[in-house]
Amino acid sequence: MKQVLMMCAVLMLQASACTNISLSKSDYIRNYEVWITQLKIKYKNCKDDDWVKKESEFKSFSENMYSKYKDEFTEEERRQVDNLTGQYYAVVAKHKGNQLKEN
């Protein structure tokens, strides 16, 4: 069930990126959470090309979409988004650590 919900959120995010559909603030946070959750599960299998795509997706969440809603966030929502951004950087650090370990 959790996998189905994650896939639905990802598909919603991709569809909205390709159209003029406007996500709500809560949709943005939910999609960011799903994206981070998937990244934490799959980061070990990501190749360098995958990370280029992940960086682009992260930029979309942390800059483009964030700027659209930043003035509307409650303090709790801002903490949620900041926490998700921190989780992303933690995954990147783990990935880099694994790369160093392999070399």
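Remember, it's a predicted structure, so these values are computed and weren't measured experimentally.
In this structure, the side chains of Phe58 and Trp51 stay at 4.5 Å or more apart for every pair of heavy atoms. Between Leu23 and Tyr69, the closest side-chain pair of non-hydrogen atoms falls below 4.5 Å. Inter-residue side-chain proximity for Ile29 and Phe73 is flagged as met; some heavy-atom pair is nearer than 4.5 Å.
Side-chain atoms of Arg78 and Tyr66 include a donor-acceptor pair closer than 3.5 Å. Counted by atom type alone, Thr85 and Tyr32 present one or more donor-acceptor pairs between their side chains at under 3.5 Å. A side-chain donor from one of Gln87 and Asn83 sits under 3.5 Å from a side-chain acceptor of the other.
For Glu33 and Arg30, the salt-bridge test fails: no basic side-chain N is under 4.0 Å from an acidic carboxylate O.
Both Trp35 and Tyr89 sit in one connected hydrophobic cluster of ILVMFWY residues. Membership requires side-chain heavy atoms under 4.5 Å apart, directly or through other members.
Taken to the nearest 0.5 Å, the CD atom of Gln80 stands 7.0 Å off from the CG atom of Leu84. From Lys59, atom NZ reaches atom CE of Met65 across 13.0 Å, with rounding to the nearest 0.5 Å. Interatomic distance, NZ of Lys53 versus CG of Asp48, reported as 15.5 Å (0.5 Å rounding).
Nearest heavy-atom pair, Cys46 versus Lys54, reported as atom, atom and distance to 0.1 Å: SG-CE, 4.2 Å.
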Are Val81 and Phe61 close enough, and set up right, to give a side-chain contact (heavy atoms from CB on, under 4.5 Å), and what steps lead you there? CA-CA 9 Å; Val81 172; Phe61 280 114; over 6 Å; no
Would Tyr88 and Glu55 satisfy side-chain contact (heavy atoms from CB on, under 4.5 Å), going step by step from the backbone distance to the final call? CA-CA 10 Å; Tyr88 171 79; Glu55 285 285 334; 2.8 Å; yes
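A distance-only check finds a donor-acceptor pair linking the side chain of Lys25 to the backbone of Glu72 [under 3.5 Å]. A donor-acceptor pair is defined here as one N or O able to donate and one able to accept, closer than 3.5 Å; such a pair exists between the side chain of Asp50 and the backbone of Lys47. A distance-only check finds a donor-acceptor pair linking the side chain of Glu77 to the backbone of Thr74 [under 3.5 Å].
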